[in-house]
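In this text the structure is predicted, and so the values were computed from the model without any measurement. A, B, ... follow the sequence lines: proteins, then strands. Residue 1 opens every chain.
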Amino acid sequence: MNIDHSILTILILVPLAGAILLALLPDKGKLMQWGALAVTLITFLLTLHLPFHYDYGAASGTFQFATDVPWIASPAIRYHLGVDGLSMWLVVLTGILAPLGVLVSWRAIDTRKKTFYIFFLLQQVAMIGVFVSLDLFLYYGFWEFSLIPMTILIATFGRTENRRRAAIKFFLYAFIPSAILLVGILWLYAQTGTFDLPRLTQLAAAHSISGNSAALWLCSLSFLVAFAVKVPVFPLHGWLSDAISEAPTAAVMVLAGKLGLYSILRFSFGIFPEQSHRIAPLMLALGAIGIVYGALLALVQKDLKRLSAYATLSAVAFIIFGIFSFTVSGLDGGIFHIVSESLTGAAFFMLLGILYERYGTYDMRELGGIASKLPWMVTMFVIMTLSLVGLPMLNGFVGEFLILSGGMQSVFAYHVAWTVLATSGVILSASYMLWMIQRVFYGNLGVKPENVKSWDLDAREHLAMWPLVILFLAMGVASPIWLRAIDAAGTRIAATQTSSVQPQAQMTTASANSEAK
Amino acid sequence: MAAQVPTAYYLVLGAILFSIGVGSFLIKRNIITIFISIELMLNAVNLTFVAFAHQWHQISGQIFVFFVMVVAAAEAAVGLAIIIAIFRTRQTLNVDQIDLMKL
Amino acid sequence: MQLALFIIFGALAVAGALNLLLQRHPINSALSLVVVMMSLAVLYWSLGAEFLAAAQVIVYSGAIMVLFVFVIMLLNAGEEERTKGSRAAYIVGIPGAAAIFCLLSFVFLSEQKALGVANLGGHLDNGLNNIAEISQVLFTKQLLPFEVTSILILVAILGAVVLARKEEQ
Amino acid sequence: MNPNITALLPEYILTIVGVLIMLAEPMLPQGASRKPLGWLAILGTLGAGFAGWYQLHLGTITAFSNSIQVDAFSVFFHLLICAIVLVTLLISLDYFEGNASHSGEYFALIVFSAVGMMLMTCATELLVVFVGLEISSIATYIMCGFRKGSAAGAESSIKYFLLGSFATAFFLYGIALAFGATGSTSIAAIAQGLDTTTTPRMAFLALAMILIGLGFKVSAAPFHVWTPDVYQGAPSPVVGYMSTAPKAAAFAVLLRITFSAFGSMEHRWAILLWVLAALSMTIGNLGALLQRDVKRMLAYSSIAHAGYILVAFTALRSDGIAAACFYTASYAAMQIGAFAVITQVTGYNEQIRTTDDYTGLGLRRPILAAFLALFLISLIGIPFTGGFFGKFYVFSAAIHANHVWLAVIGLLNSGVACFYYLRLLVALYSRPVTETAQTTEGRNLSVPAGVGLTLAAAATLVLGILPGHFLNLAQRASASTIPASAPVSCIEYPGNCPAATAAMPPRQ
Amino acid sequence: MSPQTSMIPTCYLWLIPLLPFVGFLINGILGRKLPRAAVTAVALIFTAIPAGIVAWLWSVMTVSNAPEAIHAVSRPWIAISGFQVNFDFTVDHLTLIMLSVITGVGFLIHLYSAGYMAHEEGYWRFFAYLNLFMFFMSVLVLSSSFLLLFVGWEGVGLASYLLIGFYFKKDSAANAGKKAFIVNRIGDFGFLLAMFLIVAHFGNLNFTDVFASISQHPEWHGGFLTAIALLLVVGATGKSAQIPLYIWLPDAMEGPTPVSALIHAATMVTAGIYMVARCHTLFDRSPYALAVVAIIGAATAIVAASIGMVQHDIKRVLAYSTVSQLGYMFLACGVGAYAAGIFHLLTHAFFKALLFLAAGSVIHALSGEQDMRNMGGLRKRIPITFWTMTSGVFAIAGIWPFAGFFSKDAILYQTFISDNHLGKLLWLVGVVTAGMTSFYMFRLWFKTFFGEERFEEAPQDAHGHDSHASHNSHSHGVHESPWVMLLPLVILGILSLVGGWEHVAFGNFLDPVFGTVAEGTTAASHGLELTLVAISLLVVAIGFFFAWLFYYKKPGTAGAFALKVKPLYSLVENKFWVDEIYGFFVTGLLMFTRMILAGLVETGLVNGSGALTGATTRGLSTVTRRVQSGNIRSYAGWLALGAAAVLVFMIFGRSLWVH
């Protein structure tokens, strides 16, 4: 039989079943680890089904592997799944990160493994669900649901006594805007009587969602703000550094970026093309500022986790900058960069986790001179750094280049200035990463490395790192493999040029005001 | 004819009694007295019922009053039992001292 | 006649109510409530509710109030001391009560015309006397509530038993 | 069959069972366990439930000279109340073991109060409503004080009793005024009378008074003040019961009175309820925000949930009523579930009260913690739980009636709410800070309690994941209460129309 | 392209970069396990073969009717709708010259390193990095599009970062590496922006297409072309260590000497010049940009030279001289004499590599001593080194008939006759710089090889050359280097002697690339050329004289003279305080970040807003709970009030609420 129509459902169900299975198994020995590893690997292999059976020639805007059955008659809610170039690679990404997460947690999580792996798998369920669901209700379901496992993971396995605060902070930051998002969704439903995304997109294209432009504008903001907080975009990132510095490695790997960015691309741009164009100049600015801001703050951190947090902020700001340039290049680059940045970030956090396993600290002042003791470690760190600072031939560069050149081509106010500012990020990123490398690995031995007995990467950690390294190279050299599908999506979004693009100066002011209120 | 009284007056009388009932509920400290003031409120309502029954020539109003009486009796039984219980645990009938649970 | 009855017993009722309010000792309050009930009984009668008037005297002031007095005696509740337990009661409560009164009487008086007048022994729909009428309705139209009341009583009894009996252990 | 029998079948069954229990109670020897009576009550409830299910297929029945109308609406609440009673009985079977205090009477009281509530839901005659209300109220007053000797119990009982009677007086006054305005006390007659009434102002007063009385029963702000104290002092299973069943009944009455009796004055009470809803949500959540005592916290949150349900009243009839019914049900499921867990955790002599005492429960009693976590998640309103779908449905209805800002307020409130729920949830799964908790913790989970919990949990999940059938029921209920004349508000889109729903039953 | 393309097996082009990369992979992954011999073998073979291929390319490209360029087209690297970049390589004469420098000199230096690094730990690492560098450098020159060029551009930056920081245990080394990479990044910042502008205006990054469309629009002048050109210049100044971004190069001397020779003298630093030359079509359209290039070049040349005159560290002298020589090349490009620039690049590659290697040999001989004040009289101790070095010194000083003479004079002459308004002034600067050059080079020469021996014999505690540990193995006093080190020296020595003559041989070799620049004028004024030559030779002689006077005839006069012009001297000795000024800016930025961003914005605005909301809610909550006084009567009070409110609302509500 043809698996294509059920594959997405299967992808959601496998980790769920895995979680239930783990709940039933006894928590003894390495059973939990092996179980989780098996489940995640199976999921990953299943996700690989998508790129191999994806119809790259399909008309853009069509969803593949689709499932569409009524779920609830009234309100009209459907169980509608499907992927396109935008979401396909994100699903695969989610698939591959999971087993790596299990591998790095192997030894790091030694107590209450059961709780950990159950919620870890639930987290994966939620994320895959977000990426594949095309019904606003279903999507919102997964979107909200994804908060719970993450919160509990942070609260339970956080690093310091601050964990509970961090967890609640994370949850509140994500939940309250989402509540407003729900209002937006419901309003849309009241206007159109459907939750179905493709349908809504058609309506939006026909300008027939609602005559009330002010309400529509507020609605679009309710969407955008909720997503922007989750990304997070520059001034809304209050939760990020706490959450990242508390959360266990496996959780951090999937904490920021993906979900919010995907949602912006899929829903904000899909349902509110005009409004998105209207707000774009502001977002462009926020993106550029965020890049520099994150990089500068990363530059002055002493704690590796916090440094990585601000690095993440800077990285996602790149993507925001790209997608809101509304140029093919920017959008393609942005989408591509979501994938590559997640991989790089994952590598970063995994390495930090491994380092923490060795020395039990993230404080750079206690580290130093490790390079001579852990050669493989430093090699991996340098490779990751190069990918993060966007060295050509590694994954980071393709995205960055496309994004920034997209910014240069965009039509919005002051785009040149913002592009210049954004590009200066490449200097700063190099600065903080290299400085970190130097402080951690070069120079004289720090306090910890001197006193703590440590060991270089073991087989398991090699197993976890090498796939990423290879992916870095592959994505850096053979980007078309990924861009082929992504380009279709990016081109479509860029093509939704709205008739009502006002003169740019007005647009910025307008969006600024509306943001203010 | 002078002998007639507007129904409204009965209603106002009811309102007066009702409000006095509310007021004494607010003012009295002794639980029993408070309970008594509730009875007063019920009586006010009864008066209103009767007045309306008279105005509409509807017996159901009076029936209602009848039921109110029954209910009042039942409430009295239970209420006084509760009061006894509280007196057992607290040795007081002053409501101002019955505020274990607050905030 | 009607007017006289209304004025006298209305005044009496109000006086009783106020006395209830002002008396410090619960027993006095209880007795002043009896006064109110009695005068109300008269008013009922004047409004053509003979049965209710009787029931008021027998059931209410007879049974219920006796129960009250009994409990007061049982717990020998003395003078209530003027504790300052609650400012809210005075600050928000009394104005609230006053407002309620004003609103009610405002509405009643403003709609006085529509409400019409009451006269002595107000005749009811059919010639039957009041008691017969009540009983008829009670056992046909309002049978269900009447029956259900038994459950109510049952519950009350249960409650009294449960609550009043001492905990044995 | 004689409608007078079929119409009140569940009530009959429960009454008989109650009487049987009362008769059997003295027979049992002094020290003996009263569990058998509990089982008897459970059987009776099941019977009543089946009777209700049976009624569902009889269509609308009116009996006792139109003082009773058994339609989809009342059957919906019959079933709901039966379910609540069932779970309550299950979780409180062992509650009194070892503390022999009239557990027999307890079961009887629950059953009788259930009868009262059921009567409230199917009554079309305010007199019946009043009597039913009194039955349930008095029963609950008593149950609040059931933990004899505990000062808190007596206090909560007296508070509930005094304030309850106070509110009842208002309710009565309302009925009196309604009678004065329309010359009748039956809902249908009032509805007609209002069109011809010569004293509209008095009608307004009547409605206001009735709303005050019922507002108290459903603990909507500003008539909520009693809730926290009473819930805190009462025994946990009783709280679980009284925070769900009487509310459900009261909401049923409120729905009938507002939509059927005073439907023509919707423009008046809709906006009033708008305000009450906003107030209740805000005050409830704010009150709970810094609350350390778990029961008290849940009490406050129940105020907020009452607010959420009131939101549905502001919506257009067709989806408003259905939403209210649905939310009431899902709220009942999660609330009683939460209190079931609390009952199991704290036991009879509730030593475990504060959030800190619950810290680390996930380690000590994983299963209970998991249940509690589920109910909390549902209370927060996380998708795939009844709580979420209820909120979703309610606010969707409100927004459909263009009450967008009410929805904004409400959802912001749910944002505030998630803070305190989450604090407890997080506490469950983090290491204990105080060691006091474990010592006084109750025994391990007994089978009936486990069944009760499972029922509640299952309901919570089913209402969240496959609400199809149940929604259908709720929508039929709402359809049955709408007078034919009433404007049906699903012109805009067919999806929401009860008729359409019946046409295409949801598929899984 | 031209029909001949088919005849030429382009796959060989791929081998040029790929082989070194393979070498890098082998050494990088397995190196730690492999024996040194194997590592060396891998490194050398995988650099030797490309050199062979390049030689073969010469034979192909220089025959008559050879194609102007060989293209190797391949699958796309980045492809989105409306924009595509392939892995395309192109070899034309310019590339050919660069390639020969890279592979040739590169191979020699590999050879040299085999001896020089023989006793290092991380030997394998060194060669892996070196091969990596070869890979990226050849990509840089082979690429046929800006983006691919940028790949090499960044890559060589990376390699130099890794190699400078080779002794990462030394903080100075780690710092230098970081500094080099970041300063280069500042250049790349410009380069990137230039590319974005190009994409925005041409929608394409291929050299051929971009330049073709420029030549199709003769009306384009200045404007965005200037913007692009200037941004490219920023990139070039970063890579080629020109003002204002030259500061990283002197610190880069922390790396092993062969690295300095290969990367920081011969090849990488010339990438900027190569890029400007490559984009000459662009620059020719923007006189303004050209002028900027010329001025930067001249300024850098003289400033660096002046600093070089007072340095004591032998490698730093060479470093500054490199900067100054690069300045010459920039100057050449700036006046449109690309051919001359490239020619100087070639010769400079020879003699500067030689000088570094020789210096390395000296250092090797003195077991790690780098300070010239502790040298002297080495002439007899290490003769071969001395003679080869001499050839290098004469070459760079520009003494006939050494290579430097031809190339430098070509530049000065072109500058003089250029139609640039500043031409004469720039020429003057160039000539003065020539004098300085000869001064500091002979200063180095004298101080190192003549006079009495100022070094202490046979340091037991020898801390290895470049002061890295583990060199105690052969610290047996001053000694001549092994043959693997001397052979490259000799070859390069010969090249720096004869390297200039090929200019005479095929002077128009680059015309296919640059077109015939200023051909007429050269023919016209032969007399002028001779006078200029005379002048520059004279200046060089003066420079030699002073060096001889100060450091050979009567040493010490230098110190006395320095005291006379104390302020000027200290200014120069402290490199015009440039590093300090930059450092001030950087610390300022960090301070700003800590104070304003981290302090104000992050805690105040970002977290503060959230905290404020929380506090407000808590406050409200406290107020709400105050109502719950626990007193029944007050509860009744609230109920009464609420009831009153509801009643009011119901009766008068209509007027309160607009329907």
Please determine whether the number of non-hydrogen atoms from other residues, nucleotides or ligands lying under 6.0 Å from atom CZ of E:Phe224 exceeds 12.
yes
Which atoms of [X] come close to chain A, meaning under 4.5 Å heavy atom to heavy atom: side chain ones, backbone ones, both, or neither?
X        : result
E:Leu205 : side chain
E:Leu597 : both
E:Val85  : neither
E:Leu197 : both
E:Leu192 : side chain
E:Phe189 : both

Heavy atoms only: give me the nearest A:Pro480-E:Pro76 pair and the separation to one decimal.
CG-O, 3.7 Å
Write down the atom of A:Pro235, the atom of E:Val606, and the distance for their closest heavy-atom approach.
O-CG1, 3.9 Å
Select, from [options], the one with the greatest count of heavy-atom pairs under 4.5 Å involving chain A.
options                                : result
E:Gly614, E:Ala200, E:Gly610, E:Ala174 : E:Ala174
E:Val199, E:Val183, E:Leu147, E:Leu590 : E:Leu147
E:Phe592, E:Phe168, E:Phe181           : E:Phe168

Honestly, the part of A:Ile437 sitting under 4.5 Å from a heavy atom of chain E is side chain
Can you say whether A:Leu445 sits under 4.5 Å from chain E via the side chain, the backbone, both, or neither, judging by heavy atoms?
neither
Under the ring-ring contact (aromatic ring centres under 6.0 Å, His included) rule, collect the residues that match up with E:Phe136, sequence neighbours excluded.
none
Which residues pass the ring-ring contact (aromatic ring centres under 6.0 Å, His included) test with E:Phe196, not counting sequence neighbours?
A:Phe401
From CD1 (E:Ile182) to CE (A:Met433), nearest 0.5 Å:
12.0 Å
With sequence neighbours left out, write down each residue that passes side-chain contact (heavy atoms from CB on, under 4.5 Å) with A:Leu473, or none if nothing qualifies.
A:Leu394, A:Val477
Count the heavy-atom pairs under 4.5 Å between each of [options] and chain E, then report the option with the highest count.
options                                : value
A:Gly369, A:Gly490, A:Gly476, A:Gly407 : A:Gly476
A:Ile486, A:Leu483, A:Leu404           : A:Leu404
A:Val416, A:Val389, A:Leu299           : A:Val389
A:Gly443, A:Ala371, A:Gly238           : A:Gly443

Donor-acceptor pairs, chain E vs chain A, cutoff 3.5 Å:
unit_1: E:Trp77; atom_1: O; unit_2: A:Ser479; atom_2: OG; d: 2.5
unit_1: E:Trp77; atom_1: NE1; unit_2: A:Gly476; atom_2: O; d: 2.5
unit_1: E:Ser81; atom_1: N; unit_2: A:Asp487; atom_2: OD1; d: 3.3
unit_1: E:Ser81; atom_1: N; unit_2: A:Asp487; atom_2: OD2; d: 3.1
unit_1: E:Ser81; atom_1: OG; unit_2: A:Asp487; atom_2: OD1; d: 3.1
unit_1: E:Ser81; atom_1: OG; unit_2: A:Asp487; atom_2: OD2; d: 3.0
unit_1: E:Ser81; atom_1: OG; unit_2: A:Thr491; atom_2: OG1; d: 3.3
unit_1: E:Phe168; atom_1: O; unit_2: A:Gly443; atom_2: N; d: 3.1
unit_1: E:Asn175; atom_1: OD1; unit_2: A:Gln438; atom_2: NE2; d: 2.9
unit_1: E:Lys178; atom_1: NZ; unit_2: A:Gln438; atom_2: OE1; d: 2.8
unit_1: E:Arg185; atom_1: NH1; unit_2: A:Val389; atom_2: O; d: 3.1
unit_1: E:Arg185; atom_1: NH1; unit_2: A:Val426; atom_2: O; d: 3.2
unit_1: E:Arg185; atom_1: NH2; unit_2: A:Val389; atom_2: O; d: 2.9
unit_1: E:Glu602; atom_1: N; unit_2: A:Tyr293; atom_2: OH; d: 3.4
unit_1: E:Glu602; atom_1: OE1; unit_2: A:His237; atom_2: NE2; d: 2.9
unit_1: E:Glu602; atom_1: OE1; unit_2: A:Tyr293; atom_2: OH; d: 2.4
unit_1: E:Glu602; atom_1: OE2; unit_2: A:His237; atom_2: NE2; d: 3.3
unit_1: E:Glu602; atom_1: OE2; unit_2: A:Tyr310; atom_2: OH; d: 2.7

Answer yes or no: is there a side-chain heavy-atom contact under 4.5 Å between E:Val601 and A:Phe234?
yes
